Amino acid sequence: MDNLRVEAEKIFETLSWPQQSWESWRRTPLEKIKLEDRFREHPSFTNGKGKASRTSPLIEEGQPRNGWALEVHWITDSWKCYRTEDASRVELYDWFIHLPEEATPVLEKRMQGLSDRLQAWNLAYPTHGLLLKVPPHTRLLKPILIQLEADGNTLLSLPHLLILMGKDSEAQVVVRFDGRKTAGIFYSGGITYQGEENSQGTLVVDRLLPSEGKFFLSFEGYLQRDATLNSLEVHLGGVLSKTTWKAILEEAGAKADLRGVYVATPRSHIEMELTQSHRSGHTQSNSLYKGAVASGGKSVFQGLIVVGKGAAKTDAYLANRNLLLGSGARADSIPRLVIGNDDVRCTHGSTTGRIPEGQLFYLRSRGLPDREARRLLIEGFFEEVVSKVPEIYRDDVVNRITEAL
Amino acid sequence: MSEAVTVEIGEYKYGFAFPDRSVFKTRKGLDEEIVRTISRMKNEPEWMLQYRLRGLEAFRRKPMPNWGADLSEINFDEIYYYAKPTEDRKGRWEELPEEIRKTYDRIGIPEAERKFLAGVGAQYDSEIVYHNIRSDLERKGVVFCAPEDALRDHPELVRKYFGTVIPFNDNKFAALNTAVWSGGSFIYVPKGVRVEIPLQAYFRINLESFGQFERTLIIADEGSFVHYIEGCTAPIYSRNSLHSAVVEILALKGARVRYTTIQNWSNNVYNLVTKRAVAYEEAVVEWVDGNIGSKRTMKYPAVYLLGQKAHGEVLSIAFAGKGQEQDTGGKIVHAASDTSSVITSKSISKDGGIASYRGLIKVYPQLTGIKSHVVCDALLLDPQSKTNTYPYMEIESEDVSMEHEARVSRISEEQLFYLRSRGLSESEASLMIVNGFLDPLVKQLPLEYAVELNRLIELEMEGSVG
């Protein structure tokens, strides 16, 4: 891991912090963040630069709660794992103890073309590094939970999760960043995913933030031949949240279904940048990001479908749907297309509006009070994205959506 | 199955030039002296000279845009910014110098002049050379003349509105235009007057390394209607030409203005235009924008909806062939309640051309009853061509219905097969499909433009097979 860290450090040194004038950051309230100060406060959690100071291993604790195949929790200073028989073959590694060889080419791919200093920071000075490997031909019927819980003291969290799905494997992974215990927590996280031939992965990422907590996350997924990835980003509230989600379809037959749910409560600023990158032909990607914005909240959705020159027979679709819940709500939507091949089907759509009067009237005329009717309609609005969440976690998400509204 | 054959530049019908007969031409490059000379030659009032100088200063100060088409090859010092072709205005067609008349014969003005047109202000190297207003328009109080004449004959109108829609420091190219503008059209339509016949003008660049900086100002007073058509052609040169026009439109309460452009500059022209309209209460502004030629075009006709119930529309066609980059689109800003907008953009890319749509829909806060619909469709005719879509939607009110959709595709195999099985050749079938793709927009054009556009598309498509 040290070699990779050092390489990332070198890249970090060459980059500069984002400026307000940069296209990606134009809508972000950068003055609220002061990245350089943050960096100066905690240049690295290690003692100077060099070897990691943490040595506690992953502790196997026994059986998980009903419904999960595997639970991995980070609390305070160690990883605790709870696994069923089903998940016995799943491999977990703490980077600071040992990072297997096979992780290197994937992380190097990640570092190629690193142009964002926040991402480089995460790879150069991670506070947590975890590799989750689902070996070839391993299919898990129940989902995996990876939860990173704040300890109430450490303000800066720079976790990186690497997920390797072996050939023909199948798993659902829920990643949860729970920062509620630490007021003012600052996350700059990274997730890297590699889906090998014919693997099927589902990934749900969720975060719980305290007031004044700030959340940055960058995801990059590489899909090889016939690999499938279903993903869902969940953003409920939070003073500032900005994610970059990039699915790279490297080989023919790869499929990506990328979804997002967001609720921008008053004072919330939620930004999502989604890229569907088709490097090979005969690939498919579908995305649907749905959000509701309350009065005083703001959401920014920037989508991008990129089709490379050789990617004939690409089928790509991008949709963003925004529901405005009050005057003073603000939703920006920028779905872009950069198409370099003619033999493709690429379309995108974006709609922004408020709860249709007609539908509201219908429910109220059936005796439902206004509040109840609105709630039902909003739940219906989110239904098609939330349905992708593994059942065991779904109620939690639905309840929190309702709370947020 | 697909053989793309590039259209020969030599076959280009408008590829001809006359030896330069300009009477007065400034030296190359741009400085304060040149701006003063231009103002002096036009006998302008002091305030216009001062305004030009502010434009010059803003032009020097402002950076080149860091987005959009590739403009790196423009060399501002190698351009002539002003040339005056004849001594004074010609009143009648027959009195024009033979050369200039021949030019317009070639591109078809006499037919147009004959029947339906009210008047033609034909531009040759920066000046309105020929000018003809029909008497009934004059009687109604419609003003249609060169901006220089408007400055002289209607100074209060010009002073009131000039630079109010696009100020001198709006962007680098608007600043340039403010400094060296020459020619263009000035139109004023009084209250309640409907101009049923489209007003037209033609432009020419006929001097190597010459820039075109026409300035058009259209004021439609309350309840009026006018349709203005702008169509340009230019011969082909070895050095690059710069066309940086500014069009300002004011549609006052209840007025309707339609502005149609078919741009077909030859493939060495940089076409960087700022076009903007303001629509007051219940007013309607429609931009119909066809971009076929030029080496690089950056043009985003805009409508600022400032009054309730105003409506703005942008219909845009772009054709990007070999070596071309069409970066076009539309901007609509909703600053009042109960306003609506529609943007329809259709683009075709061929032989490695790049067509990009760049648009903005912005809705200010505290508004109600806003409706907006954007459709951008792109057709790629071969694997080398590219298309990009950059739609920006910034919505700050909740009572909004905003829809946007975009599709990228190529000529469908099935459609081609269907037409071929009815006896059409592959190129005939492709042409028919492309015309079908553009049809919703071509329908909006006046007949002679629709015909010209169809002929141009046919020329571009020639030799290109699916």
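Note that the structure is a prediction, hence the values are computed from the model and not measured. Each chain gets a letter, A, B and so on, in the order its sequence line appears, and its residues count up from 1.
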Output the option from Arg330(A), Gln302(A), Arg321(A), Lys298(A) having the highest count of non-hydrogen pairs under 4.5 Å with chain B. Arg330(A)

Count the heavy atoms of every other residue, nucleotide or ligand shown that sit under 6.0 Å from CD of Glu31(A), and state whether that count exceeds 12. yes

Under 4.5 Å heavy-atom distance to chain B, tell me which part of Glu357(A) shows up: side chain, backbone, both or neither. neither

Would Met393(B) and Ser350(A) satisfy side chain to side chain contact (heavy atoms under 4.5 Å, CB included), going step by step from the backbone distance to the final call? CA-CA 9 Å; Met393(B) 283 155 281; Ser350(A) 165; 4.0 Å; yes

Looking only at Gly326(A), Ser327(A), Ser295(A), most heavy-atom pairs under 4.5 Å shared with chain B are made by Gly326(A)

How many angstroms lie between CD1 in Ile339(A) and OG in Ser385(B), if you round to the nearest 0.5 Å? 13.0 Å

Contact origin within Leu304(A) toward chain B - heavy atom pairs under 4.5 Å: neither

Would you indicate whether Arg371(A), at its atom CZ, is surrounded by more than 12 heavy atoms from other residues, nucleotides or ligands within a distance under 6.0 Å? no

Portion of Pro391(B) that has a non-hydrogen atom of chain A nearer than 4.5 angstrom: both

Flag yes if more than 12 heavy atoms outside Met64(B) fall under 6.0 Å of its CE atom; otherwise flag no. yes

For chain B, the option from Ala312(A), Ala316(A), Gly353(A), Pro335(A) that forms the most heavy-atom pairs under 4.5 Å: Pro335(A)

Can you tell me if OH on Tyr317(A) sees more than 12 non-hydrogen neighbours from other groups inside 6.0 Å? yes

Taking NZ in Lys331(B) as the centre, count heavy atoms belonging to other residues, nucleotides or ligands within less than 6.0 Å. Is the count above 12? no

Whether over 12 other heavy atoms sit under 6.0 Å from Lys62(B) NZ: yes

Counting heavy-atom pairs under 4.5 Å to chain B, which of Asn322(A), Val344(A), Val300(A), Ile334(A) comes out on top? Ile334(A)

Heavy atoms, side chains only, cut-off 4.5 Å: are Ser409(B) and Arg345(A) in contact? no

Considering all heavy atoms of both residues, which atom of Lys386(B) and which atom of Gly340(A) are nearest to each other, and what is their separation? CG-CA, 4.2 Å

Measuring from atom CD1 of Ile411(B) to atom CG of Asp343(A), what distance do you get when rounded to the nearest 0.5 angstrom? 12.5 Å

Working to the nearest 0.5 Å, report the span between OG1 of Thr347(A) and CG of Asp377(B). 10.0 Å

Verify side chain to side chain contact (heavy atoms under 4.5 Å, CB included) between Arg407(B) and His348(A), making sure each step is shown before the conclusion. CA-CA 7 Å; Arg407(B) 283 173 289 258; His348(A) 72 215; over 6 Å; no

Name the option with the most non-hydrogen atom pairs under 4.5 Å to chain B; the candidates are Pro356(A), Gly328(A), Gly349(A), Gly310(A). Gly349(A)

Among Val306(A), Thr352(A), Thr351(A), which residue has the highest count of heavy-atom pairs closer than 4.5 Å to chain B? Thr352(A)

Can you tell which of Asn388(B), Thr387(B), Val408(B) makes a side-chain contact (heavy atoms from CB on, under 4.5 Å) with Leu337(A)? Val408(B)

Atom CG in Asp332(A), atom OH in Tyr392(B): separation rounded to 0.5 Å? 11.0 Å

From Asp382(B) CG over to Asn341(A) CG, what is the distance, rounded to the nearest 0.5 angstrom? 10.0 Å

Using a strict threshold of under 4.0 Å (side-chain N to carboxylate O), is an ion pair present between Arg27(A) and Glu394(B)? yes

NZ of Lys350(B) to CG of Asp342(A): how many Å apart, nearest 0.5 Å? 13.0 Å

